[in-house]
Amino acid sequence: MRMENINSPKRYGEILYVLGVALIEIRAIASLEEAQIVADIFHNVPAKISASEEPEAIEAEVLLKAKRHGREQAIKQILKRAKRPKTR
């Protein structure tokens, strides 16, 4: 049985999906303050992936920061979308 590479994008697929949505949101946000909030929630994600931190731990930290900024439900909805089975 072949083991998945510890840094495989598939292993981090859900968190990468959410990060991609966050980057699109930052680009579309008119308010600098709102953009800074989204950036604060997600800015550590790439470093944590590079450090092979567990995806569940990254998700937990993102949700904690989102809660602090009053964005927890929005991030949970994006994560829920990311976890849906992919259809072709």
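All values reported here derive from a predicted model rather than from experimental measurement. Values below: every heavy atom of this structure, side chains too, minus hydrogens, waters and symmetry copies.
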Engineer: Grab the two heavy atoms, one from Glu34 and one from Ile29, that are nearest each other, plus how far apart they are.
Structural biologist: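 Nearest heavy atoms, Glu34 then Ile29: CB-CG2, 3.3 Å.
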Engineer: Apply the test side chain to side chain contact (heavy atoms under 4.5 Å, CB included) to residues Ile58 and Tyr12: give CA-CA distance (whole Å), side-chain angles for both, the deciding distance (0.1 Å), then the verdict.
Structural biologist: CA-CA 10 Å; Ile58 297 169; Tyr12 295 99; 3.9 Å; yes
Engineer: May I ask you to test the Leu79-Leu63 pair for a side-chain heavy-atom distance under 4.5 Å?
Structural biologist: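 Answer yes - side chains close enough.
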Engineer: How long is the gap from CZ on Arg84 to OH on Tyr17, to the nearest 0.5 Å?
Structural biologist: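 It is 7.5 Å, given to the nearest 0.5 Å.
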Engineer: Show the nearest heavy-atom pair for residues Arg11 and Glu53, with the distance to one decimal.
Structural biologist: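 So the two residues come closest at NH1-O, 4.3 Å.
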Engineer: How long is the straight-line distance from CG of Asp40 back to CD1 of Ile37, given to the nearest 0.5 Å?
Structural biologist: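 If we round to the nearest 0.5 Å, Ile37:CD1 and Asp40:CG are 8.5 Å apart.
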Engineer: So how far is it from His43 NE2 to Leu19 CG, rounded to the nearest 0.5 Å?
Structural biologist: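 That separation rounds to 12.0 Å.
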Engineer: Should Ile75 and Phe42 count as side-chain neighbours, where that means a heavy-atom distance under 4.5 Å?
Structural biologist: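 Contact flag for Ile75/Phe42 side chains = yes.
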Engineer: Within a radius of less than 6.0 Å around NZ of Lys83, do more than 12 heavy atoms belonging to other residues, nucleotides or ligands occur?
Structural biologist: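 Enclosed: over 12 neighbouring heavy atoms sit under 6.0 Å from NZ of Lys83.
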Engineer: Nearest 0.5 Å please: distance from the CD atom of Glu72 over to the CD atom of Gln77.
Structural biologist: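 The distance works out to 11.5 Å.
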Engineer: Roughly how far, to the nearest 0.5 Å, is the CD atom of Glu25 from the CD1 atom of Ile41?
Structural biologist: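 So the CD1 of Ile41 and the CD of Glu25 are separated by 11.0 Å.
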Engineer: Is Lys76 paired with Glu59 through a side-chain N to carboxylate O contact shorter than 4.0 Å?
Structural biologist: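 Salt bridge absent between Glu59 and Lys76.
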Engineer: Less than 4.5 Å apart, any side-chain heavy atom of Lys80 and any of Glu14?
Structural biologist: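 With C-beta onward as the side chain, the pair stays apart.
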